[in-house]
Amino acid sequence: MLRRYLRTLLSLVMLASFSMFGVAVTTGTAHADDCYTWNRTLGQGTSGEDVRQLQIRVAGYPGYGAVLAVDGEFGPGTKAAVTRFQQAYGLSADGIAGAQTFSKLYALQDGDCTPAHFTYAEMNRCNADWSGGAVSAAAAKANALQQMWKLEALRHALGDRALTTSSGFRSHACNNAVGGAANSNHLYGRGIDLVGTPSYCEIVKQARNHGFNEILGPGYPGHSTHAHLGSQSSRYWSASSCGI
């Protein structure tokens with residue numbers, strides 16, 4: 001927490017310096033970060049690994065029913081997601097990722113690139129090395145990272161109320177042990193089960209705005225005691241008790 005506080009303070013100091021001295025923010029870095037540092041302003045037409053890293057972090061802001069492609073190409077969808085992220089945090093909402101946007105992202109992420117309120121450990125209660133699923137351990141962990149950033153957006157939209165995961169990545173053995181579906185998104189690191197508060201209906205209704213195209217909740221068989229969020233190639237939402 002102290003490290004995150006210091007990063008936030010440094011971000012504010014840097015932004016104040018930009019304003020006071022008229023430093024152009026189209027080049028150079030906002031400041032070095034433990035996880036990832038952006039070195040240029042990003043807008044429509046830019047591409048590269050820095051765009052992909054940005055997309056991972058704003059993937060939770062694609063708009064109702066949409067999913068943001070994490071492809072390293074800054075197109076209209078990325079601009080819209082950046083704009084929504086900026087609006088969510090009270091930044092100047094122009095859809096261009098510059099010093100202000102990056103400073104907020106730095107304040108939100110920890111040194112391992114996970115968002116402030118979620119960890120790899122809570123996304124994998126199955127084993128220590130992410131092995132045994134439907135994809136490589138590296139792919140499963142990378143998928144889980146994207147899901148965590150979507151959860152961070154969902155959490156913020158729900159009034160910054162804590163979200164509690166009960167299950168994330170599962171190996172085939174872990175999935176079989178709990179009676180999971182044969183091709184469950186949990187096997188790919190893309191599935192998340194949430195318990196506790198907010199209510200499951202609050203969660204699944206709001207999740208429709210944050211890039212989850214698999215949403216299961218009360219009213220769907222076996223989901224009266226948790227909300228399930230996932231990512232896949234096609235949309236499937238079902239929580240009839242919540243009007244979905």
Side-chain angles (χ1 to χ4, degrees), residues 11 14-15 18 24-33 35-110 112-118 138-139 141-158 185 188-190 192 206-215 229-235 237:
S11 298
M14 293 296 292
L15 286 173
F18 292 144
V25 297
T26 54
T27 59
T29 63
H31 73 268
D33 186 76
C35 163
Y36 186 85
T37 300
W38 285 272
N39 296 304
R40 58 173 178 156
T41 293
L42 301 175
Q44 276 198 254
T46 56
S47 63
E49 177 60 18
D50 50 0
V51 174
R52 193 182 75 86
Q53 291 292 330
L54 173 66
Q55 289 169 329
I56 290 171
R57 289 155 180 79
V58 299
Y61 293 92
Y64 182 88
V67 176
L68 179 65
V70 179
D71 58 6
E73 299 292 332
F74 199 124
T78 300
K79 180 178 180 179
V82 170
T83 300
R84 292 187 186 95
F85 172 84
Q86 292 166 332
Q87 291 170 334
Y89 285 99
L91 307 178
S92 177
D94 57 6
I96 298 171
Q100 262 197 336
T101 301
F102 297 141
S103 291
K104 186 60 192 178
L105 290 173
Y106 294 147
L108 282 174
Q109 69 184 12
D110 285 327
D112 62 355
C113 296
T114 59
H117 299 98
F118 299 94
K141 193 173 182 179
N143 287 338
L145 179 63
Q146 292 187 33
Q147 297 300 92
M148 280 189 275
W149 280 100
K150 292 181 183 182
L151 283 179
E152 186 72 22
L154 173 62
R155 183 187 189 278
H156 187 56
L158 288 168
N185 275 307
Y188 297 82
R190 301 185 307 226
I192 308 154
Q206 186 61 44
R208 294 174 295 179
N209 299 295
H210 299 289
F212 297 103
N213 56 1
E214 182 185 51
I215 300 174
L229 307 178
S231 296
Q232 56 191 27
S233 59
S234 59
R235 184 194 299 178
W237 295 348

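This is a predicted model, so every value here is computed, not measured.
Between the side chains of Asp94 and Ser92, no donor-acceptor pair is found at a separation under 3.5 Å. In the model, Gln232 has no side-chain atom that pairs as donor or acceptor with a side-chain atom of Asn213 under 3.5 Å.
Nearest heavy atom pair, residue Glu73 against residue Gln55, reads O-NE2, 3.0 Å. Nearest heavy atom pair, residue Val58 against residue Ala81, reads O-CB, 3.7 Å. Closest approach of Gly60 and Ala153 over heavy atoms only: O-CB, 3.5 Å. Among all heavy-atom pairs drawn from Val82 and Ala97, the shortest one is CG1-N, 4.3 Å. The two atoms that bring Gln206 and Ala157 nearest to each other are NE2-CB, 3.6 Å, heavy atoms only. Scanning all heavy atoms of the two residues, the minimum distance from Phe102 to Thr41 falls at CE1-CA, 4.5 Å.
The CG atom of Leu105 lies 4.0 Å from the CZ atom of Phe85; values are rounded to the nearest 0.5 Å. Once rounded to the nearest 0.5 Å, the distance linking CD1 of Ile56 with CD of Gln147 reads 11.5 Å. Tyr89 OH to Thr101 OG1: the interatomic distance, rounded to the nearest 0.5 Å, is 12.0 Å. In this structure, NZ in Lys104 is found 15.0 Å from CZ in Arg57, a value given to the nearest 0.5 Å. In this structure, CD in Gln53 is found 6.5 Å from SG in Cys35, a value given to the nearest 0.5 Å. Taken from NE2 in His210 to CD1 in Ile215, the straight-line distance is 9.5 Å, to the nearest 0.5 Å.
The backbone N or O of Ala88 sits less than 3.5 Å from a side-chain atom of His156, completing a donor-acceptor pair.
Side-chain contact between Arg40 and Thr46 is present, with heavy atoms from C-beta onward closer than 4.5 Å. Phe118 has its side chain out of reach of Asp110: every pair of non-hydrogen atoms, C-beta onward, lies at least 4.5 Å apart. Within the 4.5 Å cutoff, the side chain of Tyr106 has heavy atoms near those of the Trp38 side chain. Between Thr114 and Leu145, some side-chain heavy-atom pair lies under the 4.5 Å cut-off. A 4.5 Å side-chain heavy-atom check between Asn185 and Asn143 finds every atom pair outside the cut-off.
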Can Phe212 and Leu151 be said to form a side-chain contact (heavy atoms from CB on, under 4.5 Å), step by step? CA-CA 9 Å; Phe212 297 103; Leu151 283 179; 4.1 Å; yes

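A centroid separation of 6.0 Å or more is found between the aromatic rings of Trp149 and Tyr61.
For the pairing with Ser231, the side chain to side chain donor-acceptor pair (under 3.5 Å) check across Lys150, Gln146, Glu214, Arg190 returns one residue only, Lys150.
The pair Arg52-Glu49 counts as a salt bridge, with a side-chain nitrogen and a carboxylate oxygen less than 4.0 angstrom apart.
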